[in-house]
Each structure stands twice: as C-alpha cells, then as structure tokens.
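In what follows, a structure is listed as structure tokens, so that the remarks can point back to it.
No experiment lies behind these values; they were computed from the predicted model shown.
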Amino acid sequence: MAEEAAQEQQTDPAASRPVRCIVKLGGAAITNKGELESIDAASLRSACAQLRQAMSHGGAAGKVVGMDWSRRPGDPTGPVVDVEGLSEMGGLGLDSNFVVVHGAGSFGHFQASRSGVHKGGLHSTLVKAGFVATRISVTSLNQEIVRALAREGIPSVGMSPFACGWSTKQRNLESVDASQIMLSLHVGFVPVLHGDAVLDELLDCTILSGDVIIRHLAQLLSPKYVVFLTDVHGVYDRPPSDPNAVLLREIAVDENGSWSIVKPALKGNKKGVEISVAAHDTTGGMETKILEAAAIARLGVDVYITKVGTEHSLRALKGDTSSEDWLGTVIRSSR
C-alpha cells in the first residue's frame, strides 16, 4: 500500500524538482547517548554548518541569514531581525533540494523502551503514556535541530511522521502521506523528519525508525545520493571499539538484496560483519541501518556512511567521495 502511494505521489508536479541528497543525522552523532535528552551541541553545529556549505552555490559560504527569531531562556534581549536587509535580498544562494532525517539518540529511546511502545498495545495505560512521552521527547529534539539549521540560514521546517499521517501494519509501512514534504521542497524549504512513535493497524502503535523513513523517501524522491552521518567513520567488520576492527570501504548490493564486501578483501567470510545493538535501542541499531542502506542501493542510489564533523562528512554531503583518501563506507548497487 505504501508503494502504491509512492507511485501516485511521484506524478505530482510539486515533486518535479530533483532532490539532490537525503541526509540522516544519526542519533549517536548529534546527542550524548549516555545522558538522557542531551544534545552534542558541537557535533550538531558542525553538521549544520557543513550542510550549509554543501548547499551553497559554487561551494562558497555566503551571508548567513539567521532564521531562528525566537527568544531562548536566558537571552538578555529579543532576537535582532534585519528586516530591511532581508527584503532587499534576491535569494539565499542555496541549493535547498535536501531532505534531513534525524535519529533520536538519547531522546525518545528511553521513554519507548521503558513503556514498550515499540511492542504495541495502547489498551495499556503504560504504553499510552509512553507513546505520549516518546513523542514529546523526539519532537523536542526535532525542534532543536530545526533551530540549529535555521541559525545557519537553512530554511528548514520540522515534520513529524505521526502528524503527517504515516502509519504501519505489523511494523511495516502501511500509509504514507508525503504531500507536505514534496510541496515544501517545491517552494524551497528543507523538510526535517525524525524517527517517531506512530499508529499501527495490528499492534495499535510502534516505533518508526529514521532509517526506514529514509528508505521510503529514497524510493519516492530518487535523490542523487544519500548520506548517513554517524559517530564513527562508517561500517566496520566488528564493533569499532574493537582494536582489530576494519573499516569496510565499499559494499555492493545485488538485485536480490544480498550484499558483499568489495573493499577491503576480508579472509574467510564474504560478509564478515558482526552486528551490535545497544540494549535501549528500539529501532535495530546498525543492523537496521545496513539493511535499509542496502535497500536504498538497490534503487540505484549510492549511500555514503561517514563520521560527522570531519572533512569526509563535508565531502559526502557534496557527493565527492570518489578519491582514495575519502574515509567512510560506500554502499552501492552491484549493477
């Protein structure tokens, strides 16, 4: 059913502008996962600044037009808005055909796992309360990320899957309304979505991960490439904390969905990847990331996974990963 909706929405004239890139801001990259609802401010600022640089025409950083005009707690005065200067500007000088999807990190996962929202059952008071608490948490993070992008002059708008009518059936996408996403892109906004608690036709409710959202948007919008920004340099053959861990530079995905390591050559194992998932992670962790990235690659869209706030993440956002000194993982179709 979600696939049928995608086909119908692809005929919408608002979707005619090609999407350059879908960016996943990993929860572990922009939050402190060991501290409840704690943002890694430095990583978030770096990601937003690099995103603006990647969007800038010709790669040059022009004048930043701050778009967060709200007053924050502790601010001595209200925001300064250059109304005259803005009215005289011909444009922002940005290629805004980007979509941002962020993970939850230290937001939402605690509430969801403690209440069992991902398992469903809204008849339970605990689950219903947890659903509310989870959405409060993830939408508060979404607002902070939109603020950070806006401070970099990126015309971003937050969009929650639950509020947009996204729902699942047995945890698989069932109903998707992407009309607001495509209309927003059409008029020059950058949609910012996030993993969310959503309604499920059979389970009552569950958690829809940002990685699943990206896979569906890639199918719908056919971006030139997709970038996953994480807290490590890419996909490793075992947990990166292991001193013997090897960074997998290129993974090829076959038409049937199976995948194999192209670079480097690993002895004795075609895949050679050991998956680890944090106990509180209700969305599948790295395993889900690899599977969804492989599904995107099957569409003919290259996926770049690299570390946030590095020269490699900036190059990935620009689509420049062809040289040997780029550090990250490329997942692409074997065709």
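- Considering only heavy atoms from C-beta on, Trp166 comes within 4.5 Å of Ile213 through its side chain.
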inquiry  = With salt bridge (charged side-chain N to carboxylate O under 4.0 Å, His left out) as the criterion, how do Arg315 and Asp325 come out once you've worked through the C-alpha distance, each side chain's angles and the decisive distance to 0.1 Å?
reply    = CA-CA 11 Å; Arg315 287 167 60 181; Asp325 63 345; 3.1 Å; yes

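- Here the side chains of Leu208 and Leu173 are in contact, with some heavy-atom distance below 4.5 Å.
- Between Glu37 and Glu144, the closest side-chain pair of non-hydrogen atoms is not below 4.5 Å.
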request  = Would you sort out whether Arg215 and Glu292 count as a salt bridge (charged side-chain N to carboxylate O under 4.0 Å, His left out), showing the intermediate values?
outcome  = CA-CA 6 Å; Arg215 186 250 301 163; Glu292 296 300 338; 2.8 Å; yes

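- Listed by chain and number, the residues in a salt bridge (charged side-chain N to carboxylate O under 4.0 Å, His left out) with Arg135 are Asp196 (sequence neighbours excluded).
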request  = Show the numbers, then the answer: is there a side-chain contact (heavy atoms from CB on, under 4.5 Å) between Leu94 and Ser56?
outcome  = CA-CA 5 Å; Leu94 299 177; Ser56 299; 3.7 Å; yes

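- Taking a 4.5 Å side-chain heavy-atom cut-off between Ile, Leu, Val, Met, Phe, Trp and Tyr, the cluster of Ile136 extends to Val132.
- Residues Asn244 and Asp237 come closest through the heavy atom pair O-OD1, 4.3 Å.
- Using a 4.5 Å heavy-atom threshold, the side chains of Phe107 and Ile39 count as touching.
- Phe189 and Trp69 fall into different hydrophobic clusters, where Ile, Leu, Val, Met, Phe, Trp and Tyr are joined by side-chain heavy atoms under 4.5 Å apart, directly or via other members.
- By the 4.5 Å heavy-atom criterion applied to side chains, Asp68 and Pro79 are not counted as neighbours.
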